[in-house]
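Below: one structure, written as structure tokens.
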2 protein chains.
Amino acid sequence: MGRKIEIKKSEETSKRQVTFSKRRSTLLKKAKEIAISGDVDVLLVAFSTAQRLSKFCSKNRIEDILQRYIELPIARKFSYVNKP
Amino acid sequence: MGRKIEIKKSEETSKRQVTFSKRRSTLLKKAKEIAISGDVDVLLVAFSTAQRLSKFCSKNRIEDILQRYIELPIARKFSYVNKP
DNA sequence: ATAACTATTTATAAGTC
DNA sequence: TGACTTATAAATAGTTA
């Protein structure tokens, strides 16, 4: 990928957020692609340090599980997930 | 990616499984990478038509949620997830 | 922060064994 | 089923605006 680097946590917050943002869009895209081309159910959730939840679910069954057991419980304990 | 194609379900089972297998390893790798470089918690689950569960969890908290609310309930209802 | 650019590395569809 | 090869497309780290 681009200029060769070691995969590790960047201690610079702004750089880390840029990297996360770029990679998140690719990861979500690939999750959607494998769900379609492989005809599988996929659930992908990322809790970022910037306090946001990124998710992709290919099917309703997984979506239900996510909402009932992950999103709602977290929403009750941590107000940050209510951010837009 | 390679020769240009449209992302859609392949009706040929063997071809679909090859594509899924290749893409799964890349997706798991990228999930691990974003967890490290972005310092985030990541959960990735794929239920394949070949009756297997592929997963990656970066942190224990998500691992617990996955085991308690997704893996165990499914194991009780669908024997196929007990396959190796 | 955010968005484009670009040189380079990765991913991968198709093919072969 | 895999494992390997190859031509090509996609991803991306660093940079610049």
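Labels below follow one simple rule: chain letters A, B, ... track the order of the sequence lines, proteins then strands, and each chain is numbered from 1. Treat the numbers as computed from the prediction; the structure is a model and nothing was measured.
The stretch residues 5-14 of chain B has no heavy atom under 4.0 angstrom from DNA chain D at all.
Across every non-hydrogen atom of Leu27(A) and Ala31(B), the tightest pair is CD1-N, 3.9 Å.
Cluster annotation: Val42(A) is not connected to Val18(B) through the hydrophobic network of ILVMFWY side chains, with a link wherever side-chain heavy atoms come within less than 4.5 Å.
A donor-acceptor pair is defined here as one N or O able to donate and one able to accept, closer than 3.5 Å; such a pair exists between the side chain of Arg16(B) and the backbone of Ser10(B). Of the possible polar contacts, one joining the Thr19(A) side chain to the Lys15(A) backbone as a donor-acceptor pair under 3.5 Å is found.
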Protein and nucleotides 6-10 of chain D: nitrogen or oxygen contacts under 3.5 angstrom:
residue : atom : partner : partner atom : Å
dA7(D)  : O4'  : Arg3(B) : NH2          : 3.3
dT8(D)  : O2   : Gly2(B) : N            : 3.2
dA9(D)  : O4'  : Met1(B) : N            : 3.3
dA9(D)  : O4'  : Gly2(B) : N            : 3.4
dA9(D)  : O4'  : Gly2(B) : O            : 2.7
dA9(D)  : O3'  : Met1(B) : N            : 3.0
dA10(D) : O5'  : Met1(B) : N            : 3.3
dA10(D) : O4'  : Met1(B) : N            : 3.2

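As a whole-Å value, the separation of Leu27(B) CG from dA11(D) P is 12 Å. Look at CD1 on Ile34(B): it is 12 Å from C1' on dA11(D), rounded to the nearest Å. Rounded to an integer number of Å, the gap from CD of Gln17(B) to P of dT12(C) is 18 Å.
Here Thr19(A) lies in heavy-atom contact (under 4.0 Å) with sugar-phosphate atoms only.
If you take CD on Glu6(B) and OG on Ser37(A), they are separated by 11.5 Å, rounding to the nearest 0.5 Å. Atom OG1 of residue Thr26(B) and atom CD of residue Glu33(B) lie 9.5 Å apart, to the nearest 0.5 angstrom.
The side chain of Arg23(A) sits closest to dA13(D) out of dT1(D), dA1(C), dA13(D).
The side-chain hydrogen bond (donor to acceptor under 3.5 Å, both in side chains) check on Lys9(B) picks up Asp39(A), with sequence neighbours excluded.
Pairing for dA17(D) goes to dT2(C), judged as Watson-Crick or G-U wobble with the two contacts each under 3.5 Å.
Among Lys32(B), Lys29(B), Arg24(B), the one residue that satisfies the side chain to side chain contact (heavy atoms under 4.5 Å, CB included) test with Phe56(B) is Lys32(B).
Counting atom types as modelled, Lys22(A) pairs a side-chain N or O with a base atom of dA13(D) as donor and acceptor under 3.5 Å.
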